[in-house]
Amino acid sequence: MVTLKIDGIQVEVPKDYTILQAAEKAGVHIPVLCHDSRLNPFGACRVCLIEAVGNPRMMTACTTPVAPDMDILTNTEKLQRIRKTVIELLLVNHPLECPVCDKGGECTLQDLTYEVGLTKVRFDAKPADTPVDHTNPFIERDVDRCVLCGRCVRICDEVVNIQAISFINRGMETMIGTAFDQPWNCEFCGQCISVCPVGSLNNRVYLFKNRPWNLEKTDSVCGLCGCGCYIELETEGSELYRMGELPEKGANHGNLCAKGRFGFEFVNSVKRETSAKVRAAGELADADFDQAVVTVAEKVKSIRAQHGAEAVAVLVSPRLTNEEAFLANKLAKEVIGTGGMYALEPHSSLPEATYADIEKSDAVAVLNIDVTEANPILGLAVRAAARMNEAPLYVFYPSETALKRLAEKQFTGTPDEVYASMTRLVEGQGAEAAVLEVLKKAEKPVAVYNPYNTADLWFVSELKKQVPALKLAAARAKANSQGIVDMGALDAAKLKEGIQNKTIKALLCFGENPAVRTGWADLSLDSLELLAVTDPFMSETAKKASVYIPVATYAEKDGSFTSLEGRVQTVNRALCKGLKTDAEVVAALAARLGGSLPSCSCEVRELIRKEVPLYKEADFDGGVISYPYAVKGEFEKPAKAAAGEGAYFLYPSSLRLHSGSYTRWSPDLAKVYGEPKLEISPADAEALGLGDGDAVSVSAAGITKVFKVHVEKHMTKGCAALPEDYVDTAQIFSKGRYHKVSLGKKG
């Protein structure tokens with residue numbers, strides 16, 4: 001520890017602290033512009049200059065380390081004068097268009113100008129009038145407003161590791177741009193927007209829609225994937241205007257992905273249903289909420305009386321909060337009297353490694369998942385381990401992924417070849433034996449894997465036997481994929497069997513959309529006498545419903561989600577669209593069936609603590625659940641990945657802009673990726689005479705579908721990939737995860 005004085009205040013801090021950090025601990029304010037706590041010290045703007053008694057040179061507080069017995073002065077007359085000049089110089093080329101700039105009200109340069117008391121600029125401003133760049137679908141770039149603090153460049157490099165932008169040119173011509181002035185197409189995470197202190201990089205989804213002083217801010221958790229990102233919902237009235245980051249809170253360190261930052265507009269969508277519907281004479285007709293609930297309850301009573309309680313099944317979605325899933329389970333067991341509720345989520349794997357474990361790991365293996373696309377924030381943790389912690393990174397996946405530039409080695413090829421490679425890894429053979437040795441010798445090894453593929457569970461369970469110290473990170477896909485399992489959801493295999501053999505007559509489907517889920521899209525629901533569906537939108541499954549009830553999204557309800565880390569976090573209602581939550585639907589149904597269940601999340605949370613042993617001591621504000629195992633079950637060694645006789649291997653890919661039903665309703669995400677596309681390599685595209693956007697037929701497992709082509713240089717020759725969670729693709733992958741397929745040009 002080091003003791004020093006800052007403006008006369010004595011403070012003791014760790015020896016690796018900077019003067020800026022020491023000042024923050026002492027409660028002394030030092031103005032900054034280019035500094036961000038998530039980035040390495042830079043010292044570009046000189047706004048944080050300070051003086052040390054006895055040292056004639058001024059120093060930047062953000063880059064200068066503390067030393068014993070320093071006597072620091074942060075606000076002398078000399079410093080005030082210099083800071084004012086620094087701000088004047090920054091304003092020389094910065095257009096003074098604050099009334100129209102979208103950053104107005106939250107611009108650091110504007111705040112500093114007021115803070116130093118600058119009312120007149122001595123230097124003539126020389127606006128460059130450079131055209132505003134709109135090549136990026138989510139980010140507006142106005143280089144004339146840029147003050148060259150470098151925050152955007154540094155976060156794109158140090159955190160995201162994409163290096164999409166950089167300083168270009170020299171001297172007075174220096175600016176932030178792309179290599180060779182190419183169009184700005186990147187991962188669309190918007191991290192650069194989050195750190196831009198001025199209005200140079202703006203969020204196009206929010207542009208000119210509101211002002212920050214109008215917005216009410218609510219802390220919550222993103223509902224678009226299993227990463228569990230802590231967010232800030234910014235609303236006015238019943239409209240959601242922005243999703244913001246909170247760097248000081250949450251395990252995501254303020255990082256968000258494209259879905260989380262730009263995909264929120266579905267909450268405001270005019271395509272959302274506002275009225276319940278009851279099927280009559282073959283058509284869904286508008287009904288009020290009570291009428292819909294009564295219809296469901298009376299039909300459940302009738303089926304239960306005629307066929308027994310087991311003829312009624314409850315299915316929950318990972319969109320539901322823990323509290324809602326807990327209530328649905330009580331509805332099933334205690335009110336209806338059936339065996340319990342089901343979920344289409346894996347039960348054999350549980351969370352083990354946290355983001356912190358991954359970031360601090362000294363060896364990482366990524367097994368058969370494109371983690372930077374499927375779970376971008378989990379991917380950032382892997383990148384941090386490889387980049388900042390210099391952990392050797394080994395990636396097993398059919399095509400090259402964004403981790404290529406950091407990986408010690410990538411094992412690519414056809415799905416069969418990747419499985420063969422992972423088999424050699426767990427058996428310690430071939431070139432992969434060296435990887436196994438690295439994992440064995442590591443003190444904190446981590447493996448990231450796909451828990452949705454039973455074959456992959458064999459690999460991770462075998463690898464865990466070989467490397468007992470290995471911590472496993474299951475990349476669960478949806479917001480509360482883990483929580484609904486924790487709340488007692490059963491494996492849905494029995495549900496599927498019951499629907500197929502027609503012993504299940506009624507299905508109460510809370511938020512789930514089986515029609516677009518792999519493994520379920522080929523299941524006919526026509527034999528059901530009652531299909532009741534809750535969903536914010538008229539989903540593919542809702543269109544088949546006997547009764548449909550529109551419900552609130554995650555932004556409109558209270559509760560909690562459990563992330564893929566096993567971290568339980570509170571979800572807070574930020575706005576109200578006048579729709580019922582799933583908890584209110586469950587409570588209303590229970591009342592009509594003669595039971596009594598609460599709908600208040602606080603009351604339900606206390607019941608969870610009493611009745612769910614895992615959550616007995618749970619901290620719902622960010623605590624991590626301690627699970628009894630990481631992988632459990634008997635898994636068969638996969639013999640061959642792909643079935644079929646076609647010339648190409650087809651496998652499911654992941655998309656950073658799409659993760660299920662919610663994202664398909666986002667108009668902004670749809671601008672970039674609105675429909676499933678078949679990815680193939682340039683070599684295969686040339687051989688088939690295909691180009692981007694051409695139509696191609698895909699024949700697999702007796703199903704033929706037509707998709708548009710997207711030529712990707714990272715694809716392996718002889719392989720093709722389609723995203724999951726679309727109706728057509730889910731139907732194909734419901735016949736098997738890997739296929740040998742035939743491709744044919746259409747038209």
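No hydrogens, no waters, no symmetry mates; every other heavy atom, side chains included, goes into these values.
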>> Quick test of your reading of the model: are Lys478 and Asp725 salt-bridged, counting only N-O distances below 4.0 Å?
In response: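 So Lys478 pairs with Asp725 through a salt bridge.
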
>> Between Arg145 and Glu97, does any NZ, NE, NH1 or NH2 come within less than 4.0 Å of an OD or OE carboxylate oxygen?
In response: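 Answer for the salt bridge query: yes.
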
Test item: side-chain donor near acceptor, [X] and [Y], under 3.5 Å:
X      : Y      : result
Asp582 : Thr534 : yes
Ser560 : Asn322 : yes
Thr581 : Glu556 : no
Glu236 : Asn210 : yes
Thr74  : Asp7   : yes
Ser200 : Asp142 : no
Ser666 : Thr663 : no
Asp621 : Thr570 : yes

> Honestly, is Arg204 close enough over Phe138, meaning NZ or CZ under 6.0 Å from the six-membered ring centre and within 45° of the axis?
Replying inline: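 Geometry flag: not set, cation outside 6.0 Å or 45°.
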
> Taking the six-membered ring of Phe262, is the NZ or CZ of Lys259 close enough (under 6.0 Å from the centre) and on axis enough (within 45°)?
Replying inline: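 Because its charged atom misses either the 6.0 Å distance or the 45° angle limit, Lys259 does not stack over Phe262.
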
> Can you list the steps and then say if Arg261 with Glu245 is a salt bridge (Lys or Arg N to Asp or Glu O under 4.0 Å)?
Replying inline: CA-CA 8 Å; Arg261 194 182 304 278; Glu245 64 287 327; 2.6 Å; yes

With the side chain counted from C-beta on, respond yes when [X] and [Y] share a heavy-atom pair under 4.5 Å apart, and no when they do not.
X      : Y      : answer
His35  : Phe42  : no
Arg319 : Pro536 : yes
Ile168 : Thr174 : no
Arg405 : Asn161 : yes
Glu115 : Val47  : no

Under a 3.5 Å distance rule, please check whether [X] uses its side chain to pair with a backbone N or O of [Y] as donor and acceptor.
X      : Y      : value
Arg272 : Val267 : yes
Glu140 : Asp133 : no
Gln21  : Thr18  : yes
Arg573 : Asp558 : no
Arg38  : Glu158 : no
Thr85  : Arg81  : yes

>> To the nearest 0.5 Å, what is the distance between CD on Glu234 and CG on Asn214?
In response: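 It comes to 11.0 Å.
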
> What orientation do Trp665 and Phe537 show, parallel under 30°, tilted 30 to 60°, or perpendicular over 60°?
Replying inline: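 If you compare the ring of Trp665 with that of Phe537, the planes turn out parallel.
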
>> Would you call the rings of Tyr554 and Tyr662 parallel, tilted or perpendicular, taking 30° and 60° as the class edges?
In response: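 Tyr554 vs Tyr662 ring planes: tilted.
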
>> Run Ser653 and Glu373 through side chain to side chain donor-acceptor pair (under 3.5 Å) and show every step you take.
In response: CA-CA 9 Å; Ser653 61; Glu373 293 280 335; over 6 Å; no

> Are Tyr726 and His658 an aromatic pair by the rule of ring centers under 6.0 Å?
Replying inline: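 Here the rings of His658 and Tyr726 have centres that are less than 6.0 Å from each other.
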
> How far apart are the C-alpha atoms of His94 and Gln110, what are their side-chain angles, what is the distance that settles it, and do they pass the side chain to side chain donor-acceptor pair (under 3.5 Å) test?
Replying inline: CA-CA 11 Å; His94 186 89; Gln110 189 180 57; over 6 Å; no

>> Tell me if the CZ atom of Phe208 is crowded by more than 12 foreign heavy atoms within 6.0 Å.
In response: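 Counting neighbours around CZ of Phe208, more than 12 heavy atoms of other residues, nucleotides or ligands fall under 6.0 Å, so yes.
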
